[in-house]
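Take a look at the structure below.
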Amino acid sequence: MRESNRLLSIVHRELGKSIRPGMSTKDIDKMGEKLIRSFGCVPNFLNYDGYPASICVSVNDEVVHGIPSKHRYLQEGDIVSLDAGLIYKGYHSDAARTYAVGSISPEAQKLIDVTRQSFFEGIKFAKAGHHLHEISNAIDSYVRSFGFGIVKDLVGHGIGTSLHESPEIPNFRQKTRGIRLKPGMTLAIEPMITLGTDDVEWLDDDWTVVTADGSLAAHYENTILITEGDPEILSLEEDADPMTGIIIRRA
Ligand code: MF3
Ligand code: CO
């Protein structure tokens, strides 16, 4: 799981550096698939339930599962969410990031920052002895303090020798405690946050999830390992701050 996610963190780092206005969402998918295969790994999203690409590329009001297209070009001011995963020696990784395309509005940047930080607020409770829903509740409290929407129809998940394992990990307040966390559990925690409503709809392609009100959405996800102490964030970029996920770009 460590190696699978370390390799995935490199994929995200490279894709993140490549984002620019004028590229197509298919360009991102091609680059990601090539990199994954260059590691001798397999993209786990490709053909998953019939999903036709390796990287999910979701622009602006698209929340997740956008299908890459050679006709869809990124434009200055867009935000773009990239969700990717791979299989290394039978072990799955899964992580997502939202990036600015060129210069974006302050509101869009705030959404990206709050979404990323909500993950870090949640994982403060991701350690042995805590209960799963402490993570959900912490994400909820943080995000609602900004008045943003939380997508409820999609959730995080356990991950291991399959992409999606139990438990489900909601990003909104729960009435129960959920399971007790144990060392060795690997979880994909993935807040999907909007500038407007919690509600989402599916496009006619049966994959692309969009906000019901057309507001912008962001996504941030890492695969983590539960330990007795702080969790290991297995898919975090090597050059990211471990407390905030902010990339420290070196020359
Ligand atoms: N990354 C998604 C998740 O977190 C899965 C992508 S669905 C797929 O669950 F079909 F694209 F694989
Ligand atoms: Co996931």
Side-chain angles (χ1 to χ4, degrees), residues 1 4-5 7-9 11-12 15-16 25-26 28-33 35-37 41-59 62-69 72 80-88 90-99 115-116 118-120 122-123 126 132 135-136 139 150-172 185-194 200-210 217-226 231 233-236 245:
M1 289 303 284
S4 181
N5 281 283
L7 293 170
L8 179 60
S9 77
V11 174
H12 270 296
L15 292 180
T25 56
K26 184 77 189 172
I28 300 169
D29 180 54
K30 278 195 246 165
M31 192 180 311
E33 177 169 3
L35 201 48
I36 290 169
R37 296 206 189 275
C41 297
V42 176
N44 48 2
F45 296 1
L46 184 63
N47 300 321
Y48 180 93
D49 270 354
Y51 185 75
S54 299
I55 316 288
C56 299
V57 185
S58 309
V59 183
E62 297 171 358
V63 183
V64 288
H65 304 166
I67 299 176
S69 161
R72 180 83 190 260
V80 61
S81 300
L82 307 185
D83 192 349
L86 59 83
I87 310 170
Y88 169 82
Y91 289 91
H92 288 252
S93 50
D94 188 4
R97 305 284 183 262
T98 300
Y99 296 108
T115 303
R116 184 185 58 243
S118 74
F119 165 89
F120 287 91
I123 67 163
L132 184 71
I135 300 172
S136 307
I139 293 171
I150 300 176
V151 174
K152 296 175 168 171
D153 287 346
L154 297 139
V155 295
H157 49 95
I159 179 170
T161 50
S162 304
L163 174 57
H164 294 131
E165 300 182 356
S166 63
E168 291 194 352
I169 309 174
N171 297 301
F172 54 98
M185 288 178 168
T186 44
L187 307 174
I189 298 176
E190 51 179 315
M192 289 152 269
I193 306 304
T194 85
V200 296
E201 291 169 358
W202 272 257
L203 296 186
D204 286 338
D205 62 21
D206 277 343
W207 278 106
T208 312
V209 179
V210 297
H219 187 197
Y220 187 85
E221 175 180 28
N222 283 304
T223 299
I224 68 165
L225 169 68
I226 300 297
I233 310 174
L234 302 182
S235 53
L236 196 65

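Residues take their numbers from the sequence shown, with the count starting at 1. Ligands are counted one by one from 1 in listed order, and the atoms in each one are counted from 1 as well. The model shown is predicted, which means the values in this text are computed figures rather than measured ones.
Residue-level proximity to ligand 1 for V64 is absent, since no heavy atom of it falls below 4.0 angstrom. If you look at Y51 next to ligand 1, the close heavy atoms, those under 4.0 Å, all belong to the side chain.
S81 and S58 share no donor-acceptor pair across their side chains, judged by distance under 3.5 Å alone. Side-chain contact check for N222 and S235: at least one donor-acceptor pair (N or O, by modelled atom type) lies under 3.5 Å.
Listed by number with element, the atoms of ligand 1 under 4.0 Å from a non-hydrogen atom of H157 are 3 (C), 4 (O), 9 (O). Atom numbering of ligand 1 starts at 1 in the shown order; those under 4.0 Å from a heavy atom of W207 are 10 (F). Residue E221 has at least one heavy-atom neighbour below 4.0 Å for each of these atoms of ligand 1: 4 (O).
Take a cut-off of 2.8 Å around the Co ion (ligand 2): the protein N, O or S atoms inside it are D94 OD2, H157 NE2, E190 OE2, E221 OE2.
In terms of protein heavy-atom proximity, atom 7 (S) of ligand 1 is closest to H65 NE2, 3.6 Å. Of the protein's heavy atoms, E190 OE2, 2.7 Å lies nearest to atom 4 (O) of ligand 1.
Judged by distance alone, the side chain of S93 and the main-chain N or O of L8 form no donor-acceptor pair under 3.5 Å. With S4 contributing its side chain and M1 its backbone, the two residues share no donor-acceptor pair below 3.5 Å. Between the side chain of T25 and the backbone N or O of S69, at least one donor-acceptor pair lies under 3.5 Å. The backbone N or O of D29 lies less than 3.5 Å from no partner atom in the side chain of S54, so there is not a single donor-acceptor pair.
Shown here for N5 and L234, the closest heavy-atom pair between the two residues is CB-O, 3.3 Å. Residues N44 and L86 come closest through the heavy atom pair OD1-N, 3.1 Å. Of all heavy-atom pairs between L35 and V11, the closest is CD2-CA, 3.8 Å.
Among the candidates I189, L187, I226, the single residue satisfying the side-chain contact (heavy atoms from CB on, under 4.5 Å) test with I123 is I189. Test E168, E190, E165 against H157 for side-chain hydrogen bond (donor to acceptor under 3.5 Å, both in side chains) and you get one pass: E190.
On a distance-only criterion, D94 and ligand 1 share at least one N/O pair closer than 3.5 Å. Taking only nitrogen or oxygen atoms, main chain and side chain alike, H164 reaches within less than 3.5 Å of ligand 1. Checked against a 3.5 angstrom limit, the closest N/O atoms of D83 and ligand 1 fall inside it.
Around the CZ atom of F120, the shell of radius 6.0 Å holds more than 12 heavy atoms that belong to other residues, nucleotides or ligands.
For the ligand labelled ligand 1, residue C56 lies inside the 4.0 Å heavy-atom shell. For D49, the closest heavy-atom approach to ligand 1 does not fall below 4.0 Å.
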